[in-house]
Amino acid sequence: MNDGRLKAVLRALTGVVLLVVYVPLLLVMVNSFNVDRTFTWPPPRLTLHWWNVAAHSSGARHALLVSVEVALLATAIALTLGTLAGLALRRTRFFGRNVVSLLIILPIALPGIVTGIALNNAFRTMLGLELGFLTIVVAHATFCIVTVFNNVQARLQRLAPSLEQASADLGAGPFTTFRLVTFPMLRSALLAGGLLAFGLSFDEIVVTTFTAGPTEQTLPIWIFQNLFRPNQAPVVNVVAAVLVLLSAIPIYLAQRLSGDVVSGAAGAH
Amino acid sequence: MAAVTTRGLTKDFGEVRAVDDLDLEIADGEFFSMLGPSGSGKTTVLRMVAGFERPTSGSVLLGDQDVTALPPHRRDVNTVFQDYAIFPHMDVITNVEYGLRVKGVDRRDRRRRAEEALSAVRLEGYGRRRPHQLSGGQRQRVALARALVNRPKVLLLDEPLGALDLKLRQEMQLELKQIQRDVGITFVFVTHDQEEALSMSDRVAVFRDGRVEQVATPIELYERPASSFVAGFVGISNRISGETARQLLGTSGDYAVRPERLRVAPAGTSASPGELSLPGKVREVVYLGPTTHAIVELHGGGTLTISRPNTGATAEPPLEAADRLVAVVLHRDSLIALSGGTEETEETA
């Protein structure tokens, strides 16, 4: 096969893949304006009615709030612990270093249902906790740490050790060195890792199902529960359209900020 | 009083002994070089003085203070790193004033002193540049200014010229020496380049396998190397030893002689008093610009490299013909008797 034809085939394949991913998403968007409750195609008429209903749905609004709060808290925990873990595992060589690194990364690869069941059991039986807001946050933090940890590690590997040594050499103690040299060099990696963590937490449903308990509802769970109720289905479309737009922002920003390191964690969950 | 003293300084990396029971005294205000092939332990010594490596045993003194247990930020020394380690997220002036900033010098004062340091390294007006906008030579100067602004007792330089091209390196050699004279700070300079060490230093320590072979002034080092290793590492030298020495010189022993102390004369030239005349055959002539090297195979065994400056004078016979029979003439005084055993001379790194 010559070069030109190979290129054409690759181009066509790329086109097909993008179509398969984005046409359904576009459909959700269009259907959020569809006048018909059963989403007939093509839409007989367009309306803003469902957007209005969605805006006044207290269930959706509350679920959105819970999701944002959970994602913010899980991200904050991930940023703190992920950074500390990245720093600790850097140049210090100790027995089991690679094992610890693997154990930190593993949660993102584990099937959500396994993590969910395991955490559900541990929270309820071992710790005797009531499932709710707090347990969701802790559960989400377990896999959010991974994105921060990965980004921090990748950045630290590219950081010349002589920079921190130079800082110490010029009279800065360990904390001053972290504040003036290490942290500024990590900042964009932390932002990228944090945005990914936020995104992961925000749309998580499997682990959340097992750790939310009967009272708390995150947005994905709300959507899942309302999807098959005929009255709510159009509103779900609106919420889904909003989510598509909202989640595009952090991923776009994360990619802009750290190009290569993003791919390591995204999409694995 | 010595600016830096090491006593029994030893460093092991796993099974490898990088520095072995080192006793050094570096005088106040001295330009002191540590010269040796890579892996000879010189950088490890520097890092132990700076505090980046903990000695396995022994101690480091700055002045009369034992600093062996102190972390780097509590030692009154500054380092110019091999990769310069300029902070990439700060502009030049912020880099230079870093040491003063962390010591709490107020803003205006530290700005002024940083500007002064920049002009001392001929970088006035570069304060607002970002590090990535600078050339290698300029970064090197920023690193120097950033260290000197703190007025340390001792400045440690870890092969700071290694990344520069030849021309810039020679310029910086002169400049470094000049700056050192101006500020009067003790410089400890690590290099594997013997020419660099000779051209700048008051004294040079030659390292080999974690030990010091010789500490001497550049002239002593070149004229009177203490061992065959030093003779081979510092400059080029011809070795005459064992049976060859007995044949040629009439005495057994281990000798070195510098190529520029040898002279090629017409075959059969007899020796003046105090001189030796060794018959041989020219095997190769190598033109090197300022000098020409002749490699002569001696009838008595062994080969000698003879170096002759290309002065343009026509008095001396031409070297250009190989296979010619000649005599190599040398003065007995130019023979350097070597102690230090019978190790093979190693190639210059």
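The structure displayed is predicted, hence computed values, not measured ones. The figures that follow rest on heavy atoms only: side chains count, while hydrogens, waters and symmetry mates do not. Chain letters run A, B, ... following the sequence lines, proteins first, then strands; residues in each count from 1.
Of residues 166-175 of chain A, those residues lying under 4.5 Å from chain B by any heavy-atom pair are A:Ala166, A:Ser167, A:Ala168, A:Asp169, A:Leu170, A:Gly171, A:Ala172, A:Gly173, A:Pro174.
For OH of A:Tyr252, the number of neighbouring non-hydrogen atoms (other residues, nucleotides, ligands) closer than 6.0 Å is 12 at most. The number of heavy-atom neighbours closer than 6.0 Å to OH of B:Tyr126, taken from other residues, nucleotides and ligands shown, is 12 or below. With a 6.0 Å radius and a threshold of 12 heavy atoms from other residues, nucleotides or ligands, B:Arg111 has its CZ atom above the threshold. Atom NZ of B:Lys103 has more than 12 heavy atoms from other residues, nucleotides or ligands within 6.0 Å.
Between A:Arg187 and B:His89 the shortest side-chain heavy-atom distance does not fall below 4.5 Å. The closest side-chain heavy-atom distance from A:Met185 to B:Pro88 is below 4.5 Å.
Atom CD of A:Glu164 and atom CZ of B:Phe87 lie 9.5 Å apart (nearest 0.5 Å).
Only the side chain of B:Phe81 comes within less than 4.5 Å of a heavy atom in chain A; its backbone stays farther off. With a 4.5 Å cut-off on non-hydrogen atoms, B:Asn78 touches chain A through its backbone and its side chain both. There is no contact between B:Arg74 and chain A, counting heavy-atom distances below 4.5 Å.
Considering all non-hydrogen atoms of both residues, A:Leu163 and B:Ile86 come closest at CD2-O, 3.4 Å. For the residue pair B:Tyr98 and A:Thr176, the shortest heavy atom distance occurs at OH-O, 4.3 Å.
Every salt bridge (charged side-chain N to carboxylate O under 4.0 Å, His left out) that B:Glu196 has, sequence neighbours left out, goes to B:Arg169.
Of the possible donor and acceptor atoms, none in the side chain of B:His73 sits under 3.5 Å from a partner among the backbone N and O of A:Thr177.
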